[in-house]
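For the numbers below, each heavy atom of this structure counts, side chains included, while hydrogens, waters and symmetry mates do not.
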Amino acid sequence: MEEDTHCTAERGLLEAVSRITMFSTTASPDEEQNQPKAEISCQVSKENPKKDDLQDSNASLSPNSSMTTKELQEYWRNEKSQCIQVKLLFEIPSTRIVEHHLSKYVMYKIIILQTGSFDSNKSVIERRYSDFEKLHRNLLEDFSEELEDVTFPKKALTGNFTEEIINERKLAFKDYLRRLYSMKYIRRSKKFIDFLTKPELQEAYGCLRGGHYTKALEILLEVIGLQERLTRGNPVSIVPTLCAIVVCHKDLDNPASAFEYGEKALSRLQVHNSHKYYIPLLEAMITLAYELGKDFLSLQEKLEEWKAKKDPVRVFTLKELAVREYVQ
């Protein structure tokens, strides 16, 4: 049959999943004992890929032969979704002036939403001029050529708090963020992502360490949506946040919600079983599954399989790992 070159990637994914399903439904019991749960050997490629379609090297991994059929199907669905580019829009609708003793500055309210459809999960953050200035300075270290034509609003010697200057900067910062996001390597950079998420994450983890789980959970749930949009090409990077949400729900006696977010984190680690969060997460999920009356034997098998391959090492609990994040 003649191949449609424009659908090669999608067809490759569908055929891979189809082969997996056929294998799992036709194999005899004796065959299943002598074979891994599912095997796959394929490579998805695109002819003449565009730059924006390329994924981070951290995400270019092959599926694991020890994964079950269901896990492999989920893996390929996630891989396919990574090909869909998420475009974000930045708005700065308002500001507020903050005064603390001898300090006075303007906070800019930034609304980040997804274009192309109604976005009910918009993200709202606040940053001051010095935050933007630090971001620009940090980006110049790695992207000086890309930023040659990007204008950064200069600080005025006087009149920084006049309505005219503030309105000018609102428009300038909106355009600045738009320009940064339009450049692939900058929008995927840790420095850009940290600018949009790190202050909130630092606050959330501070609350978690202090035992203020309700407040920590509130902040983490707001941040995770933005993280998912910003790190679509590298889904493993949001595992620590997902695990922190698990810890909060668990300590707030919400095992069902903890298990839900634990599954999301575990799905991102299916081909990353050497990740530092993998075993602590598995152990937490086994406990939660047992508590909820869910199947925990498959999780226990994964844990025993990992322990059989690795030398005994000191493994932190999920909570012990979480409280170590963003320690200043």
Distance, nearest 0.5 Å, that separates CD1 of Ile286 from CZ of Phe296: 8.5 Å

Please walk me through it: do Glu263 and Met285 pass side-chain contact (heavy atoms from CB on, under 4.5 Å)? CA-CA 8 Å; Glu263 284 188 314; Met285 290 294 284; 3.6 Å; yes

Within this structure, what is the CD1-CD1 distance for the pair Ile111 and Ile92, rounded to the nearest 0.5 Å? 10.0 Å

For the NZ atom on Lys250, are there more than 12 heavy atoms of other groups (residues, nucleotides or ligands in this structure) within a distance under 6.0 Å? no

How about Phe143 and Tyr185: are their ring centres within less than 6.0 Å of each other? no

Atom pair CG/CG of Leu252 and Leu217 - distance to nearest 0.5 Å: 6.5 Å

Is there a side-chain contact between Pro280 and Thr317, using heavy atoms and a 4.5 Å cut-off? no

Is it the case that one hydrophobic cluster holds both Leu171 and Ile97, taking links as side-chain heavy atoms less than 4.5 Å apart, direct or via other members? no

Among side-chain atoms of Asn234 and Arg188, is any donor-acceptor pair under 3.5 angstrom? no

Quick one: pull up CG in Leu177 and CZ in Arg187 and give me the separation to the nearest 0.5 Å. 14.0 Å

With sequence neighbours left out, write down each residue that passes ring-ring contact (aromatic ring centres under 6.0 Å, His included) with Phe195, or none if nothing qualifies. Phe132

Carefully, step by step, assess Arg127 and Glu200 under the rule salt bridge (charged side-chain N to carboxylate O under 4.0 Å, His left out). CA-CA 11 Å; Arg127 296 293 182 268; Glu200 286 71 26; 2.7 Å; yes

Can you check side-chain contact (heavy atoms from CB on, under 4.5 Å) on Tyr261 and Val247, steps first, answer last? CA-CA 10 Å; Tyr261 280 92; Val247 170; over 6 Å; no

Between Lys319 and Asp251, is there a side-chain heavy-atom distance shorter than 4.5 Å? yes

Mind running side-chain contact (heavy atoms from CB on, under 4.5 Å) on Leu89 and Gln114 for me, showing each step along the way? CA-CA 6 Å; Leu89 180 68; Gln114 184 174 330; over 6 Å; no

Check this for me: does any side-chain nitrogen of one of Glu320 and Arg324 sit under 4.0 Å from a carboxylate oxygen of the other? no

Sub-4.5 Å side-chain heavy-atom contact between Leu321 and Cys243: no

Face-on cation placement of Arg178 at Phe90 ring, 6.0 Å and 45° thresholds: no

Of all heavy-atom pairs between Pro255 and Leu292, which one has the smallest distance, and what is that distance? O-CD1, 3.6 Å

Got Ile186 and Glu146 here, is their nearest side-chain heavy-atom distance under 4.5 Å? yes

Would a 4.5 Å heavy-atom cut-off, applied to side chains only, mark Asn167 and Glu163 as touching? yes

Taking a hydrophobic cluster as the set of Ile, Leu, Val, Met, Phe, Trp and Tyr residues connected by side-chain heavy atoms closer than 4.5 Å, whether directly or through intermediates, do Phe316 and Leu281 fall within one such cluster? yes

Do Gln227 and Thr197 meet the criterion of a side-chain donor-acceptor pair at a distance under 3.5 Å? no

Check: Val323 main-chain N/O paired with Arg209 side-chain donor or acceptor under 3.5 Å: yes

Do you know which two heavy atoms are closest between Lys191 and Leu135, and how far apart they sit? O-CD1, 3.7 Å

Check for me, please, whether Val98 and Ile166 land in the same ILVMFWY cluster - side-chain distances under 4.5 Å, paths through other members count. no

Which value, rounded to the nearest 0.5 Å, describes the distance between Gln270 atom CD and Lys302 atom NZ? 6.5 Å

Minimum heavy-atom separation for Lys109 and Glu126, please, with both atom names. CA-CG, 4.2 Å

Would you say the side chain of Lys155 lies within less than 4.5 Å of the side chain of Arg169, judging by non-hydrogen atoms? yes

Look only at the side chain of Trp306 and the backbone of Ile279, and say whether a donor-acceptor pair between them is shorter than 3.5 Å. no

Under a single-linkage definition using a 4.5 Å side-chain heavy-atom cutoff for Ile, Leu, Val, Met, Phe, Trp and Tyr, are Phe173 and Val150 assigned to the same hydrophobic cluster? yes

So, the side chain of Ser103 versus the backbone of Glu99: is there a donor-acceptor pair under 3.5 Å, distance only? no

Kindly say whether the aromatic ring centers of Tyr105 and Tyr129 come within a distance under 6.0 Å. no

Determine the minimum heavy-atom distance between Leu318 and Ala284, stating which atoms define it. CD2-CB, 4.0 Å

Between the CD atom in Gln202 and the OH atom in Tyr326, the distance rounded to the nearest 0.5 Å is 7.5 Å

Answer yes or no: are there more than 12 heavy-atom neighbours, outside Lys264 itself, under 6.0 Å from its atom NZ? yes

Measure across His272 and Arg268 and return the closest heavy-atom pair with its distance rounded to 0.1 Å. CD2-O, 3.4 Å

Specify the closest pair of heavy atoms between Leu226 and Ser123, including all atoms of both residues, with the distance to one decimal. CB-OG, 3.4 Å

Evaluation steps, side-chain contact (heavy atoms from CB on, under 4.5 Å), between Glu325 and Leu201: CA-CA 9 Å; Glu325 297 285 349; Leu201 287 171; over 6 Å; no

Decide yes or no for Pro240 and Tyr205: does some side-chain heavy atom of the first lie under 4.5 Å from some side-chain heavy atom of the second? yes

Going by ring-ring contact (aromatic ring centres under 6.0 Å, His included), name the residues that satisfy it together with Tyr176, two or more places apart in sequence or in a different chain. His136, Phe152

Taking C-beta and beyond as the side chain, do Thr151 and Asp175 meet within less than 4.5 Å on heavy atoms? no

Looking at Tyr108, does the NZ or CZ of Arg128 lie under 6.0 angstrom from its six-membered ring centre and within 45 degrees of the ring axis? no

